[in-house]
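Report on the following structure.
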Amino acid sequence: MPILFLPARWHPPARRLRNFLLTDATALLILGIGILFRGLSYAPGVLGPAPQGGSHPAEVMLPINAWATVWIIAGVACIAAAFTRSEVLDAVALGLGVALNIAWGVSFIAATIIGDSARGWVSAVGYFSIAALVLWAVWRGKRGDVDLDEGAV
């Protein structure tokens with residue numbers, strides 16, 4: 001175990017960090033950070049100029065400033081859930097974060113189908129991939145929790 005190669009005084013914090021990283025909190029934290037920065041990128045003047053709204057159907061439904069607020073709230077909720085032990089907050093934050101990514105993916109697919117963005121499907125792949133990876137990470141359990149049948153293919 002690599003922790004054993006660290007100085008002895010680092011063992012307890014290294015074990016705490018490893019234990020944290022083996023939980024669903026890591027998926028929530030990664031998802032939350034990505035969502036938070038996406039929301040900040042939509043807020044005018046925070047991380048540069050906000051994009052022009054309307055590049056896909058979801059951005060036509062609400063002004064880009066409103067979407068900034070939605071993404072920021074979802075990102076903060078995911079980050080907060082990573083550090084709390086509230087199953088309700090975990091479920092709500094995870095659901096909101098995954099739903100936003102799926103909604104954006106569907107919106108980019110729609111933009112491709114209606115002809116507004118010939119390559120919108122490429123962005124959709126990224127959004128769907130994030131949602132799928134988060135769901136997989138959360139539903140799979142920790143490696144020690146999964147009973148693998150050695151004889152199965």
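What's counted below: heavy atoms across the whole structure, side chains too, no hydrogens, waters or symmetry copies.
- Going from atom CG of L28 over to atom CD1 of I79 covers 10.0 Å, rounded to the nearest 0.5 Å.
- The hydrophobic clustering, which links ILVMFWY residues whose side-chain heavy atoms are closer than 4.5 Å, places V106 and I109 together.
- Remark: side-chain polar atoms of T112 are paired, donor with acceptor, to backbone N or O of W121 under 3.5 angstrom.
- If you chain together hydrophobic residues whose side chains sit under 4.5 Å apart, L100 and M61 never meet in one group.
- Note on I33: it clusters hydrophobically with V46, by side-chain heavy-atom contacts below 4.5 Å among ILVMFWY residues.
- One finds the CG atom of L135 at 6.0 Å from the CG atom of L94 (value rounded to the nearest 0.5 Å).
- Of all non-hydrogen atoms in L89 and S86, the two that sit nearest each other are N-OG, 3.0 Å.
- Atom-to-atom distance recorded for E59:CD and S107:OG is 7.0 Å, nearest 0.5 angstrom.
- For F20 and F83, the ring centers sit closer than 6.0 Å to each other.
- We find the CG-OG1 distance between D90 and T23 to be 9.0 Å, quoted to the nearest 0.5 Å.
- Other residues, nucleotides and ligands contribute more than 12 heavy atoms inside 6.0 Å of the CZ atom of F128.
- H11 places a side-chain N or O within donor-acceptor distance of the main-chain N or O of I3, the cut-off being under 3.5 Å.
- At a threshold of 4.5 Å between side-chain heavy atoms, the hydrophobic network of Ile, Leu, Val, Met, Phe, Trp and Tyr places I130 and V92 in two separate groups.
- L31 approaches G97 most closely through the heavy-atom pair CD2-CA, 4.0 Å.
- Among all heavy-atom pairs drawn from A124 and G105, the shortest one is CB-O, 3.3 Å.
- A chain of hydrophobic side-chain contacts below 4.5 Å, direct or via other Ile, Leu, Val, Met, Phe, Trp or Tyr residues, connects I35 to V138.
- Side-chain N or O atoms of W67 include one that pairs as donor or acceptor with a backbone N or O of A58 at under 3.5 Å.
- Taken to the nearest 0.5 Å, the CG atom of L133 stands 10.5 Å off from the CG atom of N101.
- If you take CG on L36 and CH2 on W71, they are separated by 11.5 Å, rounding to the nearest 0.5 Å.
- The minimum heavy-atom distance between A27 and A137, with the atom names listed, is CB-CB, 4.3 Å.
- Using a 4.5 Å cut-off on side-chain heavy atoms (C-beta onward), C78 and L29 make no contact.
- The backbone N or O of F108 lies less than 3.5 Å from no partner atom in the side chain of S123, so there is not a single donor-acceptor pair.
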